[in-house]
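Beneath this line is the structure, given in structure tokens, with notes to follow.
Small disclaimer: the values here were computed from a predicted structure and weren't measured. Hydrogens, waters and symmetry mates play no part in the numbers below; they use all other heavy atoms, side chains included. Every chain is numbered from 1, with letters handed out A, B, ... down the list of sequences.
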Amino acid sequence: MIKNAFKRALWVYHINTGGCNGCDIEIIAALTPRYDAERFGIKLVGSPRHADVLLVTGPVTAKMEDKLKRVYEQTPDPKVVIAVGNCGASTGVFHNSYSIRGPIDKIIPVDVYVPGCPPRPEAIIHGIAKAWEKLEGKK
Amino acid sequence: METIMQIVFVPIGIASLGLILSLIFKGIDRRIAARFQARVGPPLVQPFRDIMKLMLKETIVPENCVRWVYESAPIIALVGSLMLLLYIPMGPFNAPLGNFGDLILVLYLFTIPSLAMVAGGFASGNPYATIGAQREMVMMMSYELPLAMLAAATAWKVTSFSIAKISSTVIWSTVGPLGLVGILLLLVVVLSVAPAELVKIPFDAPEAETEIAGGLLVDYSGRNLALFYLSDAVKSFAFASLIVALFFPFKLGTTIWGEFLWFLLKVLIVMIVSVTTVRVAAARLQIDNIAGYYWKPIALVSLAALALIAIDTAVVI
């Protein structure tokens, strides 16, 4: 029982590190009645202190670099980081821009990548499902 | 020997039964809210899963908090909520401490979890939590007057503050037509106080997660958050039980377990009407609107109810 504690009770904190908002809209779409992530126990929370999963979008601008680190450190262990969208995985269309410090895995360890520009809500839910496996393995 | 058994084991039994029932009721509440929104919703055991997960998480204590207040607030909140269950009768089962406390004590006990959250919020040293704590205090000040009117009006009619006495008389049958209107108004008042007492939408400004990042609870994590979560569930159950004990003490006249199931059904209906439906249908109110709502219309309605019941009592006698 204890082993499966995280399996269906993941609380998600969402942070945008300077993306175009496309991924963020898809994340919201994943929580709408049509996709209903709450039936898997996935819940969006307002504070990183409550979170198990960090959904990070955007290519990490210079301004957001230390904020992202701080949010990561504020999240209690065990935790999983999911990079949503191409920007998060590889800085995407912002590649080599003067103001970009990303991609995300240069700043904090990323466990799951969800590619797409933006990824579909199904893909985001699938990514969070992958995070379960990661969390159970981690403990 | 028997008294020791009664003093020690009955409260423990009631507390653990109350915890389990409250979490199941929370699960039902979430499920029904989901169905209202045309979703499937989480399974009924979801609150148990959440609690178990929170217990396994790391519990972070912020560096600049007042540690002893911050750490004791969740425990005080949970103990305060569990104490409520010892004073409110659960259908056919009398409250174990029912002889030692009355409606006034219960209304004071209802403020303890909120006060503990306020203390914990201030102690955590987070600006968001401070805003949330201030809002919670404003809200408590607004809804306490209608609740006091409720206690005064029921006691006026039943001539006793004892919950056991109030719940053994069906209050609807003791009044004339004027008093009936008064009790209906009281019911409206107490049902509209319920979401604020339990900090649910539309009165969840102290915990507004999209606005002040979880408010009071912003810095709580792991075990401490789980205790607050439990305290919230138990408090919801206790408040619904109190409404049932005051307004719907109807008996079916079956066996004791049938009576208990009937009681649970009534609690569930009260919960759905006053919390679930409202929280699905409404959006969050601003804190000044909340204060205005309780100080103006609801306070007036509760005063009118008290006056009607007083007039009714004078006329009948």
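In this model, a donor atom of one side chain and an acceptor atom of the other lie less than 3.5 Å apart for B:S114 and B:K235.
Annotation: maximal heavy-atom pairing with chain A below 4.5 Å, among B:P43, B:S221, B:A38, B:P42, occurs at B:P42. When each of B:L54, B:D50, B:V45, B:T59 is checked for heavy-atom pairs under 4.5 Å with chain A, B:D50 comes out on top. Between chain B and the options A:E38, A:R34, A:R39, the largest number of non-hydrogen pairs under 4.5 Å is found for A:E38.
Looking at B:L217, both its backbone and its side chain come within 4.5 Å of chain A, counting heavy atoms on both sides. Looking at A:I42, there are no atoms closer than 4.5 Å to chain B (heavy atoms on both sides), in backbone or side chain. Only the backbone of A:A51 comes within contact range of chain B, with at least one heavy atom under 4.5 Å from a heavy atom of that chain. When heavy atoms are compared at a cutoff of 4.5 Å, B:F36 does not approach chain A at all.
The nearest pair of heavy atoms linking B:P195 to B:F203 is CB-CD1, 3.5 Å. For B:I201 against B:A282, the heavy-atom pair with the smallest separation is CG2-O, 3.4 Å.
At least one donor-acceptor pair closer than 3.5 Å links the side chain of A:T17 to the backbone N or O of A:V60.
Ionic pairing of B:K57 and A:D77 is not present here: no N-O contact between side-chain nitrogen and carboxylate oxygen is shorter than 4.0 angstrom.
A cation-pi geometry, defined here as NZ or CZ lying under 6.0 Å from the six-membered ring centre and within 45° of its normal, does not hold between B:K26 and B:F237.
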